[in-house]
Amino acid sequence: MLRPHGNTGELRVAPFNPDLPNLQLDGEVYLQGERRRIERVRWDKGRVLLKLEGLERRGQVEDTRGELLEVAEDELLLQADAYLVSDIVGLEVVREDGRSLGRVSEVLHTGANDVYVVQGPSGETLIPAIAPVVEAVDVANGVLRITNELGLGDESS
């Protein structure tokens, strides 16, 4: 969340992923731990303006400046090829030749794309989360398969 907008209790929000369908009319979000129904949604200058149930005046939302809007994980609407960071962390990273590089310990959010931090026997490896490198994400089997497109994990490079 960025800040209040206007005097009617609206909030100016910067969504992490503008394509996610959770910010929709009659959807529900948590603000400061309290569940609220979305009464109005509109876009303005690349941000979302939200009117939440029970918030009628600017003074009621002034103390929410900088807070996050949250959605219950089991209600999160994801696209078919999207994953939560919690789904990725802990996956074993395996190259197409079958060699394991280790496990994802962290996901870094950069401006261009996410980067997976992998801890393994050869130390730390950084893997860009881009289609030419990430071949498949198999959360059910705990594996993230990568191509060897960039020579990742090659000691000779």
Around atom CZ of R58, are there more than 12 heavy atoms from other residues, nucleotides or ligands closer than 6.0 Å? yes
Same cluster or not: V48 versus L25, using hydrophobic residues (I, L, V, M, F, W, Y) connected whenever any side-chain heavy atoms lie under 4.5 Å apart? no
| Just by modelled atom types, is the N141 backbone N or O under 3.5 Å from a matching donor or acceptor in the D138 side chain? | yes
Notebook entry, point to check: Quick check: does any side chain N or O of S105 sit under 3.5 Å from a backbone N or O of V118, one acting as donor and the other as acceptor?
Noted result: no
Smallest heavy-atom separation, Y83 atom then I88 atom, equals CB-CD1, 4.0 Å
| Hey, quick one: are Y30 and V71 part of the same hydrophobic cluster, counting side-chain heavy atoms closer than 4.5 Å, chains of contacts allowed? | no
Closest non-hydrogen contact found for P128 with V134 is O-CG2, 3.9 Å
For salt bridge (charged side-chain N to carboxylate O under 4.0 Å, His left out), just list the numbers for K51 and E56, CA-CA rounded to whole Å, side-chain angles, deciding distance to a tenth of an Å, and then say yes or no.
CA-CA 8 Å; K51 175 75 173 77; E56 307 300 328; 3.3 Å; yes
inquiry  = Could you check whether atom CZ of R103 has more than 12 heavy atoms from other residues, nucleotides or ligands sitting under 6.0 Å from it?
reply    = yes
Taken to the nearest 0.5 Å, the spacing of D44 CG from R42 CZ works out to 6.5 Å
Check this for me, if you would: do E28 and R35 make a salt bridge, where the nitrogen-to-carboxylate-oxygen distance has to be below 4.0 angstrom?
yes
Shortest non-hydrogen pair, R99 vs S122, comes out as NH2-OG, 4.0 Å
Are a donor atom and an acceptor atom from the side chains of E96 and T147 found within less than 3.5 Å of each other?
no
So CG of L108 and CD1 of I127: to nearest 0.5 Å the spacing works out to 11.5 Å
Item to check | L31 vs L68, side-chain contact (heavy atoms from CB on, under 4.5 Å): CA-CA, chis, key distance, verdict | outcome: CA-CA 7 Å; L31 176 60; L68 290 176; over 6 Å; no
R40 vs E10 side-chain heavy atoms within contact, under 4.5 Å:
yes
Does this structure show an ion pair linking E62 with R3, if we count only N-O contacts that are shorter than 4.0 Å? no
Rounding to 0.5 Å, atoms CZ (R36) and CG (L50) come to a distance of 12.5 Å
Check E53 with R37, please: is the shortest side-chain N to carboxylate O separation under 4.0 Å? yes
Review point. Does any non-hydrogen side-chain atom of H109 lie less than 4.5 Å from one of D114?
Key: yes
Taking every heavy atom of V139 against every heavy atom of L91, the minimum-distance pair comes out as CA-CD2, 4.2 Å
Cluster check Y116, V143: I/L/V/M/F/W/Y, side chain < 4.5 angstrom:
no
Heavy-atom nearest pair, G54 first then Q60, reads O-NE2, 3.3 Å
| field | Shared hydrophobic cluster for V94 and V104 (ILVMFWY, side-chain gaps under 4.5 Å) | value | no
Rounded to the nearest 0.5 Å, the CG atom of L69 sits from the CG atom of L11 at a distance of 6.5 Å
Nearest heavy-atom approach of V61 to P4 is CG2-CB, 3.6 Å
| field | Connected via hydrophobic side-chain network under 4.5 Å: L55 and L49 | value | no
